[in-house]
Structures are given as C-alpha cells and as structure tokens.
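Residue numbers start at 1 and run along the sequence shown. Below, all heavy atoms of this structure are taken into account, side chains as well, without hydrogens, waters or symmetry copies.
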Amino acid sequence: MSLTIMIILSLILALYQGARVGAVKMKTECVADTSMNSCLAEYSRALYEQYGLLMVDMAYGTGTGSVQNLEEHLRFYADKNFERTTWGKVTGADTMLGMNCKEAKVTGFSLASDNNGAVLNRQILAYMESEPVEGLLSDVLKNMGELTGHGLDSTDVEAMAAANQAELDKVIPPVIINDKGEEEEIPIGNPADAVNSQKSLGPLALAIPDKNKISTAAVNLSSYASHRGLGHGTGLDESAPNAAKKLLLEQYYYEKCSRYGAELEKSLLKYQLEYMIYGKESDYENLKSMAYTLLFWREASNMLYLFTNQAKVGQAELLADTLAILLYMPDLRETLKYSILFAWTFAESISDLNILFSGGRVPLLKSDKTWRLSIVDMLLFRNFLNGGDLGEGLYYRDYLRIKLFMTDSGEKTKRLMDIIEMDVRKTAGNSAFRIDHCVDIFRAEITVGTKYGYEAKVDKIYGYEE
C-alpha cells in the first residue's frame with residue numbers, strides 16, 4: 001500500500017514539476033511579448049503627430065540616446081510583469097513559479113538612419129501603404145517628360161547670350177569729329193542693354209521685388225543628420241524600396257513638407273521641399289536656387305518659341321538693321337539681332353517667374369496666346385511684373401515637383417532626416433532630438449530565473465510591422 005502511494009505521489013510530483021516548467025516557459029514568452037510591446041508603445045509622439053512615423057526615441061527626451069536606455073526600459077517592464085501583487089508582498093505569499101528577470105538584453109536593432117535612411121523610407125512606405133501606386137504622380141512624370149523632351153533642362157540660354165555679348169564687346173565703336181573738333185565715339189545704343197543691366201540683381205530679386213514676402217528662416221546645418229556622424233544599428237532590417245514604391249516617397253514628401261506659397265507653422269525652414277532639392281542653410285538661398293532653375297527652364301522654353309516666331313524675329317531684325325545703318329556697321333546686324341532676342345527671352349522669363357511666385361500659371365511651352373511682353377515692353381520689363389495668370393499651364397508647385405522628382409533620391413532622404421529633426425526639436429522636451437536615436441524594430445533576449453534553480457530564455461524580434 002505504502003509503495004503504491006509513493007509511486008502515485010512521485011507521478012503527481014513529476015507532473016507538477018513538468019507543469020511548472022511548462023508554465024515558466026509560457027509565462028516567459030508572455031512577459032517577453034508584453035515587455036517588448038510596451039517598449040514599442042513608448043514611440044515618439046512628436047514624430048508620429050507630425051510625420052505619421054512610429055519609432056522609439058532611445059533618448060527618451062534626454063538628448064542622450066543609447067541602446068542601454070532601451071534595455072533599461074525592457075528590464076523595467078519585465079520586472080513589473082514578474083512583480084508580486086500588493087497582497088503577496090504583505091503576506092509573503094508567492095506563486096508556484098517564483099520567477100524573476102535575470103537579464104534583458106537588446107541584441108539587434110535598426111535605426112531610422114541606417115543604410116542611408118533605408119529604415120526611415122521603410123517606415124514611410126508603411127505609412128503610405130494605403131495609397132494606390134497606379135497613376136500616382138502621372139502628371140509629374142508627364143510634365144517632366146515634356147520638359148526633358150524639349151531640352152529645357154539642358155539648353156543653356158545664358159551661355160549663348162554671353163557668347164553673343166562677347167562678340168559685341170569686341171566691336172570698336174565708330175568715331176566722329178564733334179562740334180569742338182574732337183574725336184568722339186558713337187555709342188552702339190543696343191536696346192538689349194536696358195535688360196542686360198538688370199541681370200546682376202538675380203532672378204529672385206527681380207521676380208519678387210518685395211523681399212518681405214520671403215522667409216528669413218535659417219539654420220546651422222552642422223548639428224543635423226546630413227552634416228554629422230550618425231549612429232548605426234546592427235542591420236536588423238534595412239531593406240530599400242523598389243522603383244515603384246519610390247513614387248510613394250515622392251507623394252509623402254509633398255504631403256508632409258512645406259514649400260514657398262504653402263508654408264507650415266510647425267516647420268523651422270518654411271521652404272522644406274526647396275531645401276530637399278538644394279540643401280542650403282536658409283529659405284532665401286533655397287528659393288534663390290529654385291529661381292535660377294526656373295529661369296534656366298523658362299529661358300530655354302521662351303527661346304524655343306521666340307526664335308521660331310517669324311513676326312517677332314522680324315521686329316528684332318528691323319531694330320538691329322536700323323542700328324547697324326546708323327552706326328555704319330552692317331556686319332553688326334546679326335549680332336545685334338540675337339542680342340535683342342536674348343534680352344527679350346530673359347525679360348519674358350522673369351515675367352514668367354513673377355507670375356509663378358505670385359500663384360499664377362505658366363505653360364511649359366509658349367504660344368502666341370501666352371506670350372506676354374512686346375518688344376517695347378521688354379525695355380521696361382520691370383514695370384510689367386504685376387503677377388497675373390496666363391490662363392493655362394503649370395503652377396509653381398508643379399515646377400517644384402518636377403525638380404524634386406529629378407533630385408537624387410539619396411540626397412532627398414538625407415535632407416528629409418534634417419527636416420524631421422528641425423521640426424521635432426521645436427516641440428516640448430525634444431530640443432536635442434536625433435533621427436539616429438530612433439528605433440523601429442529590435443531583437444531582445446530575456447533570461448528568467450526561478451527560486452527552484454532552473455531558468456528559461458527567450459529570443460524575439462519585435463517591430464511596428466512585425
């Protein structure tokens with residue numbers, strides 16, 4: 001009888017021990033899940049609210065980010081899940097498991113800046129996954145194809161004008177004897193000079209005469225992601241987007257970033273899309289760079305129309321012929337004609353920029369209907385910079401999107417990281433925020449001990465997309 005009881009008790013104790021070991025393993029799994037999810041729940045609120053991105057700032061508002069901070073939070077949550085209830089602490093009672101967290105280590109993680117921002121881009125794509133790729137940015141692609149197809153991005157009109165002007169500068173003006181019996185040079189009197197003398201002001205100052213309309217915001221880029229050394233993760237997930245999904249990135253930039261004419265209160269630099277293209281330290285410099293780009297494109301387009309319009313070319317020829325005759329220099333006819341045409345092209349292009357910066361439309365290619373300045377208006381073109389709309393064509397934002405799409409993807413990603421840092425640092429408690437302190441996926445190893453002498457270990461990967 002006693003032998004039978006001993007056998008039964010041994011079996012019960014063996015089953016009890018097996019159940020306890022199984023329960024320890026199961027609870028370890030549950031605690032790991034809960035603890036890691038709790039860490040991910042501490043995502044940066046400012047980053048999410050402004051950019052829709054879910055990432056844990058390992059600095060936790062202190063400005064000093066490290067994986068050790070994440071480990072401390074992980075250990076805290078694990079300890080909390082093993083902690084006895086208040087009743088248990090008062091009575092000294094314990095569970096049948098008697099578990100405690102011996103160690104919580106983060107063994108792998110990916111930072112937003114890893115692989116030149118590939119992790120950041122992956123998060124953006126997760127945010128944009130509901131957007132249809134089909135037909136996305138079709139207008140931008142169409143406009144860019146038309147612009148490049150007509151060579152507007154490769155035709156340097158200013159270089160041609162400068163070469164023509166160099167020929168004019170070689171001309172020795174004729175000399176006459178004046179009423180005093182002295183030799184006197186006859187000035188050429190080129191009407192194009194009235195336009196060319198304005199070029200040194202630059203296209204932005206000409207197109208937007210009132211500088212008060214331009215943001216004065218500026219930053220010191222040395223403290224931002226693209227201009228400093230960055231921390232690195234362990235390469236847990238750095239997959240880069242494919243070509244099709246890059247269209248989603250372009251759409252994200254346009255949705256989240258400000259630009260000239262559509263400034264955002266949250267932004268430090270008000271012209272963020274312009275910054276993504278040019279990377280200058282101030283809004284003024286970035287907008288000035290965009291103005292030069294627009295001038296390059298518009299001059300190429302306007303030259304394409306003007307130089308093939310026989311009526312307008314005829315007006316320039318008549319003016320050049322008259323000057324050549326008055327100067328007794330018939331060989332100067334062609335050079336003067338082109339000087340006038342180039343000046344006319346420049347004046348019309350500045351008028352186009354003025355319209356665009358004022359919120360109006362300018363078509364990629366001009367026609368008789370959309371050409372604005374007459375040859376007489378050209379001489380005093382600044383008097384006609386009063387905004388308006390040509391009735392068809394593209395807005396400033398459309399030209400900007402073309403240039404943004406043509407900008408190197410790697411540069412855009414680096415500068416987006418700068419923009420995110422600039423804006424998040426403006427929020428309370430985030431003055432030292434760094435994008436390379438932000439984690440969106442990590443791997444942890446949690447080791448659990450028991451008061452019965454055995455332990456359990458679990459290794460898991462958790463992220464916002466896992």
Side-chain angles (χ1 to χ4, degrees), residues 151-152 155-180 182-209 291-292 294-355 362 366 368 370-386:
L152 306 189
T155 304
D156 192 342
V157 177
E158 280 302 307
M160 297 178 192
N164 188 74
Q165 185 61 42
E167 292 300 314
L168 271 179
D169 292 340
K170 294 177 184 177
V171 175
I172 300 174
V175 177
I176 61 170
I177 304 298
N178 61 21
D179 296 340
K180 297 180 180 179
E182 300 172 342
E183 290 188 348
E184 181 181 331
E185 286 187 352
I186 300 177
I188 292 177
N190 182 5
D193 291 343
V195 175
N196 295 334
S197 63
Q198 307 292 317
K199 288 186 177 182
S200 60
L201 296 175
L204 185 59
L206 289 170
I208 309 179
Y292 273 106
L294 288 173
L295 179 64
F296 191 98
W297 291 349
R298 293 310 315 148
E299 282 195 300
S301 173
N302 290 329
M303 186 186 79
L304 189 63
Y305 166 82
L306 182 61
F307 281 48
T308 56
N309 186 293
Q310 293 304 313
K312 287 180 169 55
V313 170
Q315 293 175 35
E317 286 177 339
L318 180 60
L319 193 52
D321 286 346
T322 303
L323 280 172
I325 291 171
L326 291 174
L327 294 168
Y328 304 102
M329 302 179 72
D331 292 342
L332 208 55
R333 176 179 173 275
E334 282 296 300
T335 309
L336 281 171
K337 179 187 78 171
Y338 283 111
S339 178
I340 294 166
L341 288 172
F342 281 127
W344 200 353
T345 298
F346 177 82
E348 180 75 11
S349 299
I350 293 298
S351 174
D352 291 345
L353 265 65
N354 175 254
I355 292 170
V362 174
K366 285 290 185 71
D368 292 343
T370 55
W371 189 267
R372 200 175 201 192
L373 300 179
S374 69
I375 196 167
V376 176
D377 295 340
M378 170 196 74
L379 301 176
L380 297 171
F381 72 96
R382 294 183 71 179
N383 293 342
F384 298 90
L385 302 179
N386 49 13

Please name the pair of heavy atoms, one in [X] and one in [Y], separated by the smallest distance, quoted to 0.1 Å.
{"X": "A343", "Y": "N196", "result": "CB-OD1, 4.2 Å"}
{"X": "L319", "Y": "P191", "result": "CD2-CG, 3.6 Å"}
{"X": "S351", "Y": "L385", "result": "CA-CD2, 3.7 Å"}
{"X": "L336", "Y": "A320", "result": "CB-CB, 3.9 Å"}

Roughly how far, to the nearest 0.5 Å, is the [atom2] atom of [Y] from the [atom1] atom of [X]?
{"X": "I325", "Y": "L332", "atom1": "CD1", "atom2": "CG", "answer": "12.5 Å"}
{"X": "I350", "Y": "R382", "atom1": "CD1", "atom2": "CZ", "answer": "9.5 Å"}
{"X": "L373", "Y": "L380", "atom1": "CG", "atom2": "CG", "answer": "10.5 Å"}
{"X": "Q315", "Y": "L306", "atom1": "CD", "atom2": "CG", "answer": "9.5 Å"}
{"X": "I340", "Y": "L379", "atom1": "CD1", "atom2": "CG", "answer": "9.0 Å"}
{"X": "T155", "Y": "W297", "atom1": "OG1", "atom2": "CH2", "answer": "13.0 Å"}

Of all residues at least two apart in sequence or in a different chain, which pass the side-chain contact (heavy atoms from CB on, under 4.5 Å) check with [X]?
{"X": "S374", "value": "V376, D377"}
{"X": "D368", "value": "Y305, N309"}
{"X": "A291", "value": "P203, L204, L353, F357"}
{"X": "S349", "value": "L295, R298, E299, N302, T345"}

**Study point:** F346 side chain reached by M378 side chain, heavy atoms, under 4.5 Å
**Key:**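 They are not in contact (no side-chain heavy atoms under 4.5 Å apart), so the answer is no.
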
Check your understanding: Considering only heavy atoms from C-beta outward, does the side chain of I355 approach that of R372 to under 4.5 Å?
Key ->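 Yes; the side chains approach each other to less than 4.5 Å.
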
Side-chain donor-acceptor contacts of residues 161-168 below 3.5 Å, not counting sequence neighbours, with atom names and distances?
| residue | atom | partner | partner atom | Å |
| --- | --- | --- | --- | --- |
| N164 | ND2 | T335 | O | 3.1 |
| Q165 | NE2 | D169 | OD1 | 3.0 |
| E167 | OE2 | K170 | NZ | 3.3 |

Practice item. Using ring-ring contact (aromatic ring centres under 6.0 Å, His included) as the criterion, list what pairs up with F384, not counting sequence neighbours. Key: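 ring-ring contact (aromatic ring centres under 6.0 Å, His included) list for F384, sorted by chain: empty.
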
Review point. Which residues satisfy the ring-ring contact (aromatic ring centres under 6.0 Å, His included) test with F307, sequence neighbours excluded?
Key: Y338, F342

Exercise for review: Name all pairs fulfilling the salt bridge (Lys or Arg N to Asp or Glu O under 4.0 Å) condition that reach into residues 302-324, sequence neighbours left out, sorted by first residue then second.
Suggested key: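 Pairs touching residues 302-324 that pass the test: E317-K337, D321-R333.
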
Practice item. For T370, check side-chain hydrogen bond (donor to acceptor under 3.5 Å, both in side chains) against everything at least two apart and list the hits. Key: S367

